[in-house]
Every structure is written in structure tokens, then in C-alpha cells.
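Okay, so here's the structure we're looking at.
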Protein chains: 2
Amino acid sequence: MIKLSKKVEYAIMALQYISENSSKTNTAKEIAEKLSLPYDFLSKLLQTLMKKGLLVSQLGVKGGYMLVKQINEITVEDLMNALDERSRIVECADNDGSCCSRTEICDIRSPIMNLQEQINNIFKNTTIANLKNNI
Amino acid sequence: MIKLSKKVEYAIMALQYISENSSKTNTAKEIAEKLSLPYDFLSKLLQTLMKKGLLVSQLGVKGGYMLVKQINEITVEDLMNALDERSRIVECADNDGSCCSRTEICDIRSPIMNLQEQINNIFKNTTIANLKNNI
DNA sequence: CTAAATTCGGATAAAAATAATCGTATTTTT
DNA sequence: AAAAATACGATTATTTTTATCCGAATTTAG
Ligand code: FES
Ligand code: FES
């Protein structure tokens with residue numbers, strides 16, 4: 001059950017698309033069409049990225065989205081933080097021990113948090129540009 | 001959405017428990033009680049591990065489960081393969097290109113499969129023994 | 001031989017998370 | 001004023017995960 005959410009997956013594609021067309025504002029509609037992604041869903045997601053400061057938007061006709069950073073400065077972790085609700089590999093891997101009734105007897109909390117960190121590092125070190133296929 | 005399934009999480013705990021009590025067969029009931037895990041669910045999961053060859057079981061009274069390998073020879077990847085349905089980070093990261101209608105225009109399939117491999121490596125290199133807290 | 005403790009197996013239900021959609025409001029350009 | 005966008009909130013649909021239930025088969029012990 002280690003998978004990227006559709007939000008993150010679509011966001012990667014969208015950001016790459018916007019990056020390729022960075023001379024103009026890119027509308028959600030255009031991105032959705034060109035990449036065959038569901039418009040409403042993509043639209044929401046772009047709004048979220050905007051709120052989180054990863055995109056800027058322009059309202060109204062001729063509106064759309066533009067990058068605020070280069071895609072080699074945006075990591076997969078950034079997208080996961082912006083778009084996904086939870087990103088702990090186990091519930092109990094949050095900092096306070098108030099996660100579950102097993103805290104007392106639990107042997108795995110701390111080592112699993114270590115595992116968590118290894119995984120985080122991968123996402124932290126992978127930029128959206130890294131995920132671009134340059135055939 | 002990068003998290004371990006409960007199946008895998010419980011399995012880690014259960015295998016560690018069995019390992020600590022490897023002189024006898026361990027019943028699902030005992031393990032569930034000692035670790036405060038839901039019996040039915042754990043029971044199913046142990047049966048699966050048995051079918052996949054990670055445990056041996058003995059039927060009937062005095063029955064239960066025993067390890068077939070040491071826990072330092074069992075990896076998190078083994079558990080994920082045995083217990084989780086899907087473990088691709090994106091649908092499209094399977095080998096044939098028949099995943100979705102975007103294959104033609106998709107720029108991220110191959111690099112994401114690379115990302116996938118990095119993550120797999122972590123799970124492949126983490127044994128159940130590694131996840132044991134030795135305070 | 002019977003009863004009890006177990007694993008086994010299938011089916012199903014409940015809960016949670018993800019993905020998708022809808023409707024309306026607001027902003028901006030022409 | 002009309003059109004083309006984003007913004008926002010609510011809701012629904014779908015899928016996945018988690019949990020439970022029931023009855024059968026197996027083994028041990030008395
Ligand atoms: S299971 Fe909750 S602390 Fe480990
Ligand atoms: S989205 Fe299906 S191939 Fe990339």
C-alpha cells in the first residue's frame with residue numbers, strides 16, 4: 001500500500017506541463033484536456049497548490065496558473081504535503097505517543113519512524129523535474 | 001498516502017512475538033491478546049503468511065504458528081508481497097503499458113518506476129528484526 | 001469416542017479513504 | 001454585458017482497507 005495518490009500523480013503531470021508552457025498562463029481546462037485528466041478534480045488540486053504557494057493563479061478570462069518555482073525546486077514531498085491528508089506510514093508514527101492503546105507494549109514505533117524517515121528522504125530528494133522523461 | 005497496511009503492521013508485531021516465543025507454537029488467540037490486536041483479522045493474516053510459506057501452522061488443540069525463517073531473514077517487502085494486494089506507487093507503473101489511456105502522452109511512467117524501485121529497496125533491505133526496538 | 005481448542009475458508013459487512021462531480025459565486029477581459 | 005476563468009463549498013460515488021461472522025476440518029486430551 002505504498003502508492004502515490006492521484007492528486008500527486010496528476011499534480012506531477014500538471015506541473016511538468018505548466019513548466020513546458022511557462023510563457024503563458026495555463027488554464028485548468030487546457031491542462032486537463034491535453035493530459036486527459038478529469039477537469040473538476042484537477043481544478044481542485046491546482047487550487048490547493050495555489051493556496052499552498054506552489055502555483056500562482058490569475059482570475060477571469062485569460063486567467064490560469066503559473067509556476068512560482070522551477071520544477072527542479074519542487075519535490076514530490078512538497079506535493080504530498082500540499083495534497084495528501086496523511087503521510088505517516090503507520091498511525092502510530094506521529095510524535096506524541098497518543099496514537100493507540102498499544103503504546104506501552106509496542107516495540108516497533110521508534111524503528112518504524114526511522115523507516116519512515118528513509119522513505120521521506122526519497123520523496124524529499126526527488127524533484128518534479130527528476131520525474132520527467134527525457135527520451 | 002505512503003503507509004503500511006494494518007496487515008503488514010500487525011504482521012511485523014506478530015512475527016516478532018512469535019520469534020520471542022519460538023520454543024512453542026503460538027496461537028492466533030494468544031498473539032492477538034498479548035498484542036491487543038483484533039483476533040479475526042490477525043488470524044486471517046497469519047493464515048495468509050502460512051500459505052505464502054512465511055509461517056508453518058499446526059492444526060488442532062496445541063496448534064498454532066511457528067516461524068520457518070528467522071525474523072532477520074524476513075523483509076518488510078516479503079510481508080507486503082504476501083499481504084498487500086497492490087504495491088505499485090502508481091497504477092501505471094506496471095510492466096506492460098496497458099495501464100491507462102495516457103500511455104502515449106505520458107512522460108512520467110518510466111521515471112516513476114525508478115522512484116518505485118528506490119522505495120522497494122528500502123523495504124527489501126529492512127528486516128523484521130531491524131524493526132525491533134532494543135531499548 | 002467425545003469434547004475442546006485450534007486452524008481453515010468463504011462470505012460479508014462496516015468503515016475509511018480516495019476520487020470525482022456539481023452548482024454557484026467571483027473576478028477579469030473584451 | 002457577456003464570456004472565460006478561477007474559487008469555494010457541498011455532496012456523491014467508488015474503491016480500498018479493515019474487521020467480523022460462521023461453519024468446517026483437524027488434532028489433542030481425557
Ligand atoms: S501500535 Fe501504537 S504504538 Fe505501536
Ligand atoms: S498515466 Fe498511465 S502511463 Fe502515465
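Just so it is clear, the structure is predicted and the values come from calculations on it, not from any experiment. Chain A is the first sequence line, chain B the second, and so forth, proteins listed ahead of strands; every chain is numbered from 1.
- Rounded to an integer number of Å, the gap from CD of A/Gln47 to P of C/dT27 is 14 Å.
- Both A/Val61 and A/Ala28 lie near DNA chain D, and the one whose nearest nucleotide falls closer to the 5' end is A/Val61.
- Side chain to side chain, B/Thr75 and B/Asp78 meet the donor-acceptor criterion of an N or O pair below 3.5 Å.
- Contact annotation: side chain of B/Lys51 to base of C/dG9, donor-acceptor pair absent below 3.5 Å.
- Among the atoms of the strands shown, base atoms are found under 4.0 Å from some heavy atom of A/Tyr39.
- In this structure, B/Lys6 places its NZ atom 13 Å from C1' of C/dA15, rounding to the nearest Å.
- Distance A/Met50 CE to D/dA5 C1': 13 Å, rounded to the nearest Å.
- Atom-to-atom, NZ of A/Lys52 to P of D/dC8 comes out at 13 Å; the value is rounded to the nearest Å.
- Summary of the strand contacts: A/Lys7 and B/Gly60 both lie near DNA chain C, and taking for each the nucleotide with the nearest heavy atom, the more 5' one is attributed to B/Gly60.
- Both B/Gly63 and A/Gln58 lie close to DNA chain C; mapped to their nearest nucleotides by heavy-atom distance, the more 5′-ward contact belongs to B/Gly63.
- Cluster annotation: A/Ile12 and A/Met66 are assigned to distinct hydrophobic clusters (Ile/Leu/Val/Met/Phe/Trp/Tyr, side-chain heavy-atom contacts under 4.5 Å, transitive).
- Ion pair A/Glu20/A/Lys34 not flagged as a salt bridge, since none of the NZ, NE, NH1 or NH2 atoms sits closer than 4.0 Å to an Asp/Glu carboxylate oxygen.
- For the pair B/Leu45 CG and D/dT20 C1', the computed distance is 15 Å after rounding to whole Å.
- Partner assigned to C/dT30 is D/dA1, using Watson-Crick or G-U wobble distances below 3.5 angstrom.
- Side-chain atoms of A/Gln16 come within 3.5 Å of backbone atoms of A/Leu131 as a donor-acceptor pair (strictly under, hydrogens ignored).
- Rounded to whole angstrom, the span from the CG atom of B/Asn26 across to the C1' atom of C/dT7 amounts to 14 Å.
- Rounded to a whole Å, the CE atom of A/Met80 is 16 Å from the P atom of C/dA17.
- Side-chain atoms of A/Phe41 lie closest to C/dT21 of the nucleotides C/dT29, D/dA7, C/dT21.
- The distance between atom CG of B/Leu59 and atom P of C/dC8, rounded to the nearest whole Å, is 5 Å.
- Listed nucleotides D/dT20, C/dT6, D/dG9 differ in distance to A/Lys44; the shortest reach to its side chain belongs to D/dG9.
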For this session: Evaluate side-chain contact (heavy atoms from CB on, under 4.5 Å) for B/Leu35 paired with B/Leu42, printing each intermediate quantity in order.
Result: CA-CA 10 Å; B/Leu35 299 178; B/Leu42 177 68; over 6 Å; no
